[in-house]
Amino acid sequence: MFGKLFLSAVFFVVLFFPENIGVDKLSHRYVWVGMISAEHLKHCKQAFFDDPTLRAIEYRASPGASADAKRIGAEIEALIDMRRLSTFARGQCGSACAVAFLLGHERVLLASLDQVPTHLFIHVPRNSLTKEMNYGHADRDFKKIVARSGNRFPLSLLEMTYEVKTPEGGLYILRQAVASKENGGLHHVWFCAGDELITQQSCQPVVGVTPQDLGIAIE
């Protein structure tokens with residue numbers, strides 16, 4: 001039931017979590033809450049222009065980008081590299097948010113501030129009209145993620161996302177491990193084909209892999 005319960009929790013955040021922006025001056029972070037949008041990017045870039053002490057972006061409750069993810073992602077990546085920014089995530093960080101997070105020079109998962117556990121959701125981008133997978137875009141992003149992790153994040157793990165059955169399928173990386181229905185073991189990394197809500201089958205754990213193994217810290 002992992003897939004059904006977990007994906008339902010993610011859906012709740014996408015619908016109901018309010019967007020917000022701000023700067024945490026104590027931790028020297030820009031706090032990015034909600035969608036990865038062009039308007040939000042404009043506020044983010046202005047905040048870094050105004051405050052040279054900012055050293056990180058903290059993503060909170062972000063399901064990804066609603067449109068133009070490729071261009072927005074490229075600008076976020078350029079900002080991260082120009083300022084050598086660390087990235088943090090709380091709650092949901094999916095799709096374009098997960099890619100932006102994984103391109104940080106240091107990557108940290110923080111405790112959630114609501115009922116949705118902190119997690120990353122990685123998937124292959126799709127054409128908005130045809131829903132076909134954009135393998136070229138995914139391949140470029142995946143290779144950048146591997147390089148930024150110092151080759152600790154295996155490309156083969158990311159490429160599991162090519163095997164999804166629906167647009168909802170992908171790779172989940174959890175800050176806090178959850179139990180497997182099959183063996184009762186606790187696991188941080190899960191692959192969901194995307195049809196779990198239909199078939200009532202569980203997502204499959206990637207056994208023995210932790211966020212730290214992938215170059216991601218936990219606080």
Side-chain angles (χ1 to χ4, degrees), residues 1-14 16-17 20 22 24 26-36 55-64 76 80 85-123 141-142 145-146 148-150 152-154 157-158 160-161 168-192 194 196 202-219:
M1 296 297 291
F2 171 84
K4 182 178 181 180
L5 295 176
F6 195 73
L7 293 175
S8 296
V10 171
F11 183 65
F12 177 87
V13 172
V14 171
F16 296 108
F17 202 100
N20 194 12
D24 184 340
L26 186 62
S27 62
H28 304 287
R29 298 175 197 163
Y30 176 82
V31 180
W32 188 315
V33 183
M35 295 295 293
I36 306 297
R55 292 290 178 265
I57 300 175
E58 179 181 322
Y59 296 99
R60 296 182 184 179
S62 177
I76 295 174
I80 288 173
L85 301 178
S86 299
T87 50
F88 295 79
R90 289 187 192 271
Q92 179 187 17
C93 181
S95 190
C97 176
V99 174
F101 169 84
L102 289 168
L103 293 179
H105 286 264
E106 291 183 350
R107 301 150 302 281
V108 184
L109 298 177
L110 302 173
S112 178
L113 298 176
D114 58 30
Q115 76 275 24
V116 177
T118 295
H119 67 278
L120 307 176
F121 170 54
I122 304 167
H123 70 97
D141 283 345
F142 291 169
I145 290 169
V146 172
R148 186 52 50 88
S149 74
R152 295 176 66 180
F153 204 129
L157 182 59
L158 293 164
M160 289 178 67
T161 59
E168 290 73 34
L171 192 68
Y172 286 87
I173 301 173
L174 314 181
R175 178 181 178 274
Q176 185 172 348
V178 298
S180 167
K181 177 182 176 182
E182 284 73 21
N183 59 31
L186 296 174
H187 307 283
H188 285 274
V189 182
W190 296 75
F191 171 72
C192 298
E196 288 80 11
S202 297
C203 299
Q204 297 301 310
V206 181
V207 178
V209 179
T210 68
Q212 293 93 329
D213 294 332
L214 305 176
I216 303 168
I218 291 179
E219 289 184 5

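Everything numeric here is computed off the predicted structure, so don't read it as measured data. Residues take their numbers from the sequence shown, with the count starting at 1.
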| message | Could you walk me through whether His123 and Phe121 satisfy the ring-ring contact (aromatic ring centres under 6.0 Å, His included) test, starting with their C-alpha distance in whole Å, then the side-chain angles of each, then the deciding distance to 0.1 Å, before giving a yes or no? | response | CA-CA 7 Å; His123 70 97; Phe121 170 54; 5.4 Å; yes

| request: Test side-chain contact (heavy atoms from CB on, under 4.5 Å) on Leu85 and Tyr30 and set out the steps. | output: CA-CA 10 Å; Leu85 301 178; Tyr30 176 82; over 6 Å; no

| query | Going through the distances and angles, do Leu214 and Leu157 end up as a side-chain contact (heavy atoms from CB on, under 4.5 Å)? | reply | CA-CA 10 Å; Leu214 305 176; Leu157 182 59; 3.9 Å; yes

| task | Evaluate the criterion side-chain contact (heavy atoms from CB on, under 4.5 Å) for residue pair Ile36 and Ser62; output intermediate values, then yes/no. | result | CA-CA 7 Å; Ile36 306 297; Ser62 177; 3.6 Å; yes

| field | Audit row: Val178, Tyr172, side-chain contact (heavy atoms from CB on, under 4.5 Å) steps and yes/no | value | CA-CA 11 Å; Val178 298; Tyr172 286 87; over 6 Å; no

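Remark: His188 pairs with no residue by the side-chain hydrogen bond (donor to acceptor under 3.5 Å, both in side chains) rule, at least two apart or across chains. Not a single side-chain hydrogen bond (donor to acceptor under 3.5 Å, both in side chains) links Thr87 to another residue, sequence neighbours left out. Qualifying side-chain hydrogen bond (donor to acceptor under 3.5 Å, both in side chains) partners for Ser112, counting only residues two or more places apart in sequence or in other chains: Asp114.
Contact annotation: the side chain of Arg148 never approaches that of Leu102 to less than 4.5 Å [non-hydrogen atoms, C-beta and beyond]. Side-chain atoms of Leu110 and Thr118, non-hydrogen and from C-beta on, never get closer than 4.5 Å to each other. In this structure, Leu120 and Leu109 have side chains that are in contact, with non-hydrogen atoms separated by less than 4.5 Å. Taking 4.5 Å as the limit, some side-chain heavy atom of His119 sits within range of a side-chain heavy atom of Gln92. Contact of the Asp24 side chain with the Phe88 side chain is not registered, since no non-hydrogen atoms from C-beta on lie closer than 4.5 Å.
Closest of all the heavy-atom pairs between Ile80 and Ala100 is CD1-O, 3.6 Å. Contact detail for Val146 and Leu158: the closest heavy-atom pair is CG2-CD1, 4.0 Å. Taking every heavy atom of both residues into account, Ala89 and Cys93 meet most closely at CB-CB, 4.1 Å. Listed here is the closest heavy atom pair of Met35 and Pro63: SD-CG, 3.2 Å. In this structure, Gly64 and Ser95 approach most closely via the heavy-atom pair CA-CB, 4.0 Å.
Rounding to the nearest 0.5 Å places CE of Met160 at 10.0 Å from SG of Cys192. Rounding to the nearest 0.5 angstrom, the gap separating the CD1 atom in Ile173 from the CZ atom in Phe153 is 3.5 Å. Distance check, rounded to the nearest 0.5 Å: OG1 of Thr161 to CZ of Phe191 gives 7.5 Å. Interatomic distance, Arg55 CZ to Ser27 OG, rounded to the nearest 0.5 Å: 12.5 Å.
Trp190 and His187 have perpendicular rings, their planes meeting at more than 60° on a 0 to 90° scale where under 30° would count as parallel.
A donor-acceptor pair is defined here as one N or O able to donate and one able to accept, closer than 3.5 Å; no such pair exists between the side chain of Arg107 and the backbone of Phe101. Side-chain N or O atoms of Arg152 include none that pairs as donor or acceptor with a backbone N or O of Ser149 at under 3.5 Å.
Annotation: Gln176, atom CD; neighbour count of heavy atoms from other residues, nucleotides and ligands within 6.0 Å does not exceed 12.
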